[in-house]
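In what follows, every heavy atom counts, from backbone to side chain, and hydrogens, waters and symmetry copies are set aside.
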Amino acid sequence: MRLGLALGYWGRGPSPGHVELAREAERLGYDSVWTAESWGSDAFTPLTWIAAHTSTIGLGTAVAQMAARSPTTTAMHALTLDHLSGGRMTLGLGLSGPQVVEGWYGRPFPASPLTATREYVDVVRQVLRREGPVELDGRFHAHPYRGPDATGLGRALKPITHPLRPGLPVLLGAEGPRNVAQTARIADGWLPLYWSPDRPDAYGPAVAELPKGFRVAPMARVRVCDDLTEGLLPVKAMLGFYIGGMGHARRNFHADLMARMGYEEEARRIQELFLAGRREDAVLAVPDAFADEISLVGPRERIAERLERWREGPVTDLLALTPDPHTLRVLAELNS
């Protein structure tokens with residue numbers, strides 16, 4: 001099982017320690033470093049900055065949001081950074097949800113998310129392969145565009161820049177069973193959310209039949225500490241925000257996933273509290289048991305024991321979310 005460093009996205013401002021953390025992870029033998037985006041900092045710019053300050057560690061987006069860019073734009077970002085980094089880029093993509101797609105990006109959430117994702121990946125692959133002009137008569141992504149307001153002057157184009165690697169890996173964030181099954185068919189890997197080694201069935205039957213060489217790269221909060229309750233607080237804060245605020249009361253993919261993992265009543269309660277403005281209560285309503293099973297928190301010996309469970313399943317890359325260099329070092333030692 002390879003190790004990655006997950007840096008997430010910025011909060012109020014830039015995170016000054018990210019470059020040094022990435023360099024320390026590279027020195028410790030971590031395979032990759034990953035950045036993300038929500039509705040603030042973007043995923044590609046910090047990753048490019050990190051690429052300029054490192055030399056061997058892999059670079060990934062977990063995730064770049066599809067609604068933020070057309071698929072050709074995303075492919076341009078990926079092939080450019082792949083060249084600048086000497087072939088270290090992995091493209092992780094996610095569809096996000098209606099609240100973000102419509103509220104932040106000002107675009108309609110696709111009526112058929114699976115079709116929209118499939119078309120998006122198709123276009124990205126065409127750009128990266130550069131076998132001919134990009135053409136797709138898609139429902140959501142048409143190249144050239146031929147909609148009712150088209151000029152009729154669009155032409156199919158092939159990228160000017162030759163991609164460094166036509167097979168640049170594409171991973172997808174997916175939560176629902178049908179989405180996971182499609183990811184196994186069209187992508188090189190999967191970025192699970194809230195992975196629990198004890199509940200792979202929550203993602204559907206496709207998890208038991210993944211293709212050979214397929215990457216499974218969940219993100220997990222990791223922290224070496226003596227006080228388990230205190231160590232789980234950042235995990236619960238994250239869950240309170242995602243379950244309660246990252247979606248609408250009527251449609252929240254994260255809350256639905258938590259429900260499928262056996263915490264339906266708790267998920268709905270977290271939503272109610274968060275949407276009522278009681279954010280601290282929403283965080284406290286997150287069960288310690290749920291926060292614990294999707295993270296690696298506690299003394300070194302406890303993390304070592306629990307790490308074995310992560311190795312037994314399909315996980316190929318553990319993306320550790322931690323701002324602590326000591327935790328990075330301990331995890332590297334335990335995984336060696």
With a 4.5 Å cut-off on side-chain heavy atoms, are [Y] and [X] touching?
| X | Y | value |
| --- | --- | --- |
| Arg69 | Met76 | no |
| Pro163 | Val127 | no |
| Gln126 | His143 | no |
| Pro314 | Phe214 | no |
| Val315 | Pro218 | yes |
| Lys236 | Asp288 | yes |
| Tyr194 | Ser196 | no |

I would like to know whether Ile50 and Leu7 meet side chain to side chain contact (heavy atoms under 4.5 Å, CB included); could you show each step before the answer? CA-CA 11 Å; Ile50 290 167; Leu7 296 175; 3.5 Å; yes

Starting from [Y], can I reach [X] by hopping between I/L/V/M/F/W/Y residues whose side chains sit under 4.5 Å apart?
| X | Y | result |
| --- | --- | --- |
| Val216 | Leu296 | yes |
| Val283 | Phe274 | no |
| Leu331 | Val235 | yes |
| Val207 | Leu172 | yes |
| Trp34 | Val222 | no |

Within the side chain of [X], is there an N or O that forms a donor-acceptor pair under 3.5 Å with the backbone of [Y]?
| X | Y | answer |
| --- | --- | --- |
| Gln182 | Leu114 | yes |
| Arg260 | Ala202 | yes |
| Arg199 | Met261 | yes |
| Arg215 | Asp188 | no |
| Thr61 | Gly92 | yes |
| Arg139 | Thr115 | no |
| Tyr105 | Gln65 | no |
| His83 | Leu164 | yes |
| Glu119 | His141 | yes |
| Ser15 | Trp10 | no |

Closest heavy-atom contact between [X] and [Y]?
| X | Y | value |
| --- | --- | --- |
| Arg125 | Leu168 | NH1-O, 4.0 Å |
| Glu230 | Asp227 | N-OD1, 3.1 Å |
| Ala43 | Thr35 | O-OG1, 2.7 Å |
| Val19 | His53 | CG1-CB, 3.7 Å |
| Gly240 | Val286 | N-CG2, 3.9 Å |
| Leu191 | Ala217 | CD2-O, 3.4 Å |

Applying side chain to side chain contact (heavy atoms under 4.5 Å, CB included) between Asp31 and each of Asp317, Leu3, Leu319, report the one that passes. Asp317

Which is it for Arg88 and Ile57 under the side chain to side chain contact (heavy atoms under 4.5 Å, CB included) test, yes or no, and what are the steps along the way? CA-CA 7 Å; Arg88 291 190 276 154; Ile57 196 166; 3.9 Å; yes

Rounded to the nearest 0.5 Å, how far does [atom2] of [Y] lie from [atom1] of [X]?
| X | Y | atom1 | atom2 | answer |
| --- | --- | --- | --- | --- |
| Leu228 | Asp292 | CG | CG | 5.5 Å |
| Arg27 | Thr56 | CZ | OG1 | 12.0 Å |
| Ile186 | Arg118 | CD1 | CZ | 7.0 Å |
| Arg2 | Thr316 | CZ | OG1 | 5.0 Å |
| Met219 | Leu321 | CE | CG | 6.0 Å |
| Leu21 | Thr327 | CG | OG1 | 10.5 Å |

Could you walk me through whether Ile270 and Met258 pass side chain to side chain contact (heavy atoms under 4.5 Å, CB included), step by step? CA-CA 11 Å; Ile270 293 166; Met258 183 177 174; 3.8 Å; yes

Residues [X], [Y]: salt bridge by 4.0 Å N-O rule:
| X | Y | answer |
| --- | --- | --- |
| Glu24 | Arg329 | yes |
| Arg269 | Glu272 | yes |
| Asp137 | Arg146 | no |
| Arg268 | Asp256 | yes |
| Arg302 | Glu305 | no |

Give a yes or no on this: more than 12 heavy atoms of other residues, nucleotides or ligands lie within 6.0 Å of atom CZ of Arg165. yes

Report, as yes or no, whether the 6.0 Å neighbourhood of atom CH2 on Trp104 holds more than 12 heavy atoms from other residues, nucleotides or ligands. no

Look at the aromatic rings of Tyr263 and Phe290 and report parallel, tilted or perpendicular, splitting at 30° and 60°. tilted

Should the ring pair Trp39 and Phe241 be called parallel, tilted or perpendicular, given that the plane angle runs from 0 to 90° and is split at 30 and 60? tilted

Begin with the C-alpha distance, continue with both residues' side-chain angles, and end with the deciding distance and a verdict on salt bridge (charged side-chain N to carboxylate O under 4.0 Å, His left out) for Arg309 and Glu312. CA-CA 5 Å; Arg309 291 288 297 119; Glu312 291 171 2; 2.5 Å; yes

What I want to check is whether the side chains of Thr74 and Tyr120 have a donor and an acceptor closer together than 3.5 Å. yes

List the steps, then state whether side chain to side chain contact (heavy atoms under 4.5 Å, CB included) holds for Leu171 with Thr90. CA-CA 8 Å; Leu171 278 62; Thr90 294; 3.7 Å; yes

